[in-house]
Amino acid sequence: MEKYEQYLKDLPIIPVVATKIISIPEEDKNISFADVAKLIQVDPGLTTKVLKVANSAMYARQREITTLQMAITLLGFKNIKSLIIFTAAANMFSKHKNAPFYKIFWRHSVLTAFISREVAAKEIPNISREEAFVAGLLHDIGKVALYHVRTEEYEVLLREKERTGASTSSLEKSTF
């Protein structure tokens, strides 16, 4: 049962579906939650993730959310787009998901994305929350390139960070 649950958790998403949804402007008044649900429902991985988030403790409900349209109504289109961006990005790196670098990178990127979105909502009125989310999510994307070009050296930096408590940024400046 545990392997089955892990498989469901790791279902890949269909890039074409993700691209279609991400490309819909947030201010588009011609698209309904039903339209968004129709796009998502052809992707089992994305459907699973949307329903899982809608039923998470963060959105505690009296009853279980069992349809995409209910989930989309609860989460809202902007949150659906954020979830899809995050999921699509995570899928790109899934084959490396157990590498220490990616565990650190994703945790930091996701936390920064959510914090950026909240700061934008409260402090920066002329920036959309979703733009801030994406900027936070991608702010360190150059580290991925460094990691892939010089994997062994980067892993040495990560071990040095653990040993000394120094930031990877300061170590990167001295190494690269």
Side-chain angles (χ1 to χ4, degrees), residues 9-13 15 17-28 33 36 40 45-61 65 68 71-148 154-155 157-176:
K9 183 179 175 185
D10 294 337
L11 276 174
I13 65 168
V17 173
T19 303
K20 282 181 184 177
I21 294 168
I22 291 168
S23 67
I24 298 169
E26 291 171 15
E27 56 279 343
D28 187 345
F33 288 158
V36 175
I40 292 173
L46 197 49
T47 298
T48 301
K49 285 169 182 44
V50 168
L51 289 171
K52 183 176 180 178
V53 169
N55 285 296
S56 69
M58 185 172 168
Y59 295 97
R61 310 301 297 163
I65 304 297
L68 273 174
I72 294 165
T73 301
L74 173 66
L75 299 174
F77 185 57
K78 290 180 181 182
N79 285 333
I80 292 294
K81 281 181 79 169
S82 295
L83 174 64
I84 292 169
I85 290 167
F86 171 71
T87 303
N91 279 340
M92 290 188 327
F93 301 110
S94 64
K95 68 180 178 180
H96 301 287
K97 69 181 176 187
N98 292 323
F101 167 78
Y102 280 104
K103 288 180 182 181
I104 294 166
F105 174 79
W106 279 116
R107 182 175 189 275
H108 174 73
S109 295
V110 170
L111 287 173
T112 303
F114 282 102
I115 291 168
S116 297
R117 184 171 67 183
E118 293 310 308
V119 168
K122 293 176 182 163
E123 305 295 331
I124 312 169
N126 58 341
I127 294 179
S128 86
R129 294 178 70 197
E130 297 317 303
E131 286 177 9
F133 183 91
V134 171
L137 186 67
L138 301 178
H139 80 284
D140 274 346
I141 199 69
K143 289 182 178 186
V144 175
L146 289 175
Y147 179 77
H148 280 280
Y154 210 98
E155 288 180 354
L157 290 178
L158 291 175
R159 287 191 294 276
E160 183 68 13
K161 176 187 180 214
E162 284 179 23
R163 190 179 68 74
T164 65
S167 74
T168 53
S169 296
S170 62
L171 293 171
E172 287 163 357
K173 289 175 188 168
S174 66
T175 304
F176 294 105

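Taking each heavy atom of Ala71 and Ile65 in turn, the nearest pair found is N-CG2, 3.5 Å. Nearest approach of Ile141 to Phe105, heavy atoms of both residues: CD1-CZ, 4.1 Å. Closest heavy-atom contact between Phe77 and Ile21: CZ-O, 4.0 Å.
Rounding to the nearest 0.5 angstrom, the gap separating the CG atom in Leu83 from the NZ atom in Lys52 is 11.0 Å. The OG atom of Ser116 lies 10.5 Å from the CG atom of Leu111; values are rounded to the nearest 0.5 Å. Separating the CD1 atom in Ile84 from the CG atom in Asn79 is a distance of 11.0 Å, to the nearest 0.5 Å. Within the model, atoms NE2 of His108 and NZ of Lys143 stand 5.5 Å from one another, a figure rounded to the nearest 0.5 Å. The CG atom of Leu51 lies 11.5 Å from the OG atom of Ser56; values are rounded to the nearest 0.5 Å. Distance check, rounded to the nearest 0.5 Å: CG of Leu68 to CD1 of Ile40 gives 6.0 Å.
Side-chain contact check for Thr112 versus Asp140: every heavy-atom pair is 4.5 Å or farther apart.
Between the side chain of Lys81 and the main chain of Ile24, a donor-acceptor pair closer than 3.5 Å is present. Judged by distance alone, with hydrogens and angles left aside, the side-chain atoms of Ser109 form no donor-acceptor pair with the main-chain N or O of His139 at under 3.5 Å.
In summary, of the residues considered (Leu75, Thr48, Leu74), a side chain to side chain contact (heavy atoms under 4.5 Å, CB included) with Val53 occurs for Leu75 alone.
In this pair, Tyr154 and Phe101 present their aromatic rings perpendicular. The plane angle is above 60°, beyond the 30 to 60° band.
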